[in-house]
Amino acid sequence: MQHWIKNTFVFLPMFFNKQFYYFDTILLGLLAFISFSLISSAVYCFNDIVDVDFDKNHIDKKNRPLAKGTITKAFAKRIAISFFLFGIILGSFLINKEFVFVLVLYFILNIGYTFGLKKIIVLDILMISFGFVLRVLAGGVATETPLTYWILIMVFLLAIFLTLGKRRDEVLFFNDTNILVRENIEYYNIKIIDKFLYGIATLLIILYIIYSFSKNAINNYGSDYIFITAIFVIAGMIRYFNLILRRLNSANPTKILWSDNVMQLIVLGWILCFCFFIYF
């Protein structure tokens, strides 16, 4: 379920370029979302197959069907291959070749991640973050929506920020319990993670404010008041920091979004505020 939520990033190009007015574009976006979700599901299946022995002793992943022995590796492989083929076929026949190229690139990147690259610290974070950029690119090419460097850079930085927050929680959990929740987590340093978290959060806020005042944003959205949405960005950063520093919640971004009412209100406020300025 979590990776399906992550795949909603394919809708960002449509949202920012006022494409939700057009049924054909919405349909293409939904097809892109389904296709990308099938490919990412295939990746998750392959990852569970490779990591099945590690997952059996994992605090959370031990309850997954493969780790519990509910399904066999052979059956999981068939599911993964089926998801991959259906995703590619859907993209090839109903969308376009450029979209399929992004799908294949995402798949190859994540297969490399599954088969060893995830054990390399920092590189694992960069690869996960680039995956979010590919989701946005997929949405852009599927709906033929132009993308700016601003959105790609900010999505990449936001993904790094959220992934670092999750790693921070995993490091603290490892320090408290000596239980590995990730094979490379013992090599991460909490002080370095904190410095990068503060730095990236500051950079994100500055870039967002600069962009909201830029002529590009004003001309694109037809409003001089996009900068007001920065209030929600700053509030979201502060709230996320509060949760992970006080350890009041899991640092998993998806779980926070599902469980923290304040964060839900902040995200909803940002969406509604942006909608008001660019759609009305």
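The number of heavy-atom neighbours closer than 6.0 Å to CZ of Phe227, taken from other residues, nucleotides and ligands shown, is above 12. Environment of CD in Glu144: sparse, with no more than 12 heavy atoms of neighbouring residues, nucleotides or ligands closer than 6.0 Å.
The shortest heavy-atom contact between Thr114 and Val50 is CG2-CG2, 3.7 Å. Of all non-hydrogen atoms in Ala80 and Ala42, the two that sit nearest each other are O-CB, 3.3 Å. In plain terms, the two heavy atoms of Gly131 and Leu109 that are nearest each other are N-CD2, 4.4 Å. Looking at every heavy atom in both residues, Ala159 comes nearest to Thr163 through O-OG1, 2.7 Å.
Just one of Phe276, Phe274, Phe277 meets the ring pair (Phe, Tyr, Trp, His ring centres under 6.0 Å) condition when paired with Tyr221; it is Phe274.
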| query | So Asn216 and Thr148, side chain to side chain donor-acceptor pair (under 3.5 Å) or not? Walk me through it. | reply | CA-CA 9 Å; Asn216 184 293; Thr148 66; 5.5 Å; no

| query | Could you go step by step and tell me if Phe16 and Leu147 meet the side chain to side chain contact (heavy atoms under 4.5 Å, CB included) rule? | reply | CA-CA 9 Å; Phe16 287 117; Leu147 295 169; over 6 Å; no

| message | Set out, in order, the CA-CA distance, both residues' side-chain angles and the distance that settles side chain to side chain contact (heavy atoms under 4.5 Å, CB included) for Ile39 and Phe84, then state yes or no. | response | CA-CA 5 Å; Ile39 297 298; Phe84 176 78; 3.7 Å; yes

| field | Candidate pair Phe241 and Phe161, rule ring-ring contact (aromatic ring centres under 6.0 Å, His included), full reasoning | value | CA-CA 10 Å; Phe241 264 120; Phe161 174 74; 5.5 Å; yes

| Could you walk me through whether Ile128 and Arg167 pass the side chain to side chain contact (heavy atoms under 4.5 Å, CB included) check? | CA-CA 12 Å; Ile128 290 172; Arg167 290 290 182 275; 3.4 Å; yes

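Remark: Ile231 engages Ile228 in a side-chain contact (heavy atoms from CB on, under 4.5 Å) (not counting sequence neighbours).
Phe36 and Tyr106 have tilted rings, their planes meeting at an angle from 30° to 60° on a 0 to 90° scale.
For Phe46 and Tyr113, the ring centers are positioned 6.0 Å apart or more. A distance below 6.0 Å separates the ring centres of Phe132 and Phe9.
There is no path of hydrophobic side-chain contacts, each under 4.5 Å, that joins Ile218 to Ile210. Under the 4.5 Å side-chain contact rule for hydrophobic residues, Leu28 and Met14 do not share a cluster. When the side chains of ILVMFWY residues are joined at heavy-atom separations under 4.5 Å, either directly or via intervening members, Leu164 and Ile192 end up in a single hydrophobic cluster.
Pairs passing the side chain to side chain donor-acceptor pair (under 3.5 Å) check and including a residue from residues 151-162, sequence neighbours excluded, do not occur.
Side chain of Asp124 to main chain of Val122: a donor-acceptor pair is present (N/O by atom type, distance under 3.5 Å, no hydrogens or angles). The main-chain N or O of Val141 is found under 3.5 Å from a side-chain atom of Asn96 such that the two form a donor-acceptor pair. Side-chain atoms of Ser35 never come within 3.5 Å of backbone atoms of Leu31 as a donor-acceptor pair (strictly under, hydrogens ignored). A donor-acceptor distance shorter than 3.5 angstrom exists from the side chain of Tyr240 to the backbone of Leu162, with no hydrogens or angles considered. One N or O on the side chain of Arg168 and one on the backbone of Ile244 form a donor-acceptor pair closer than 3.5 Å.
With values rounded to the nearest 0.5 angstrom, Ile190 atom CD1 is found 7.0 Å from Asn175 atom CG. Once rounded to the nearest 0.5 Å, the distance linking CD1 of Ile193 with CD of Glu170 reads 9.0 Å. Interatomic distance, CG of Asn242 versus CZ of Arg239, reported as 5.5 Å (0.5 Å rounding).
In the hydrophobic clustering, where aliphatic and aromatic side chains (Ile, Leu, Val, Met, Phe, Trp, Tyr) are joined below 4.5 Å either directly or transitively, Leu268 groups with Leu272.
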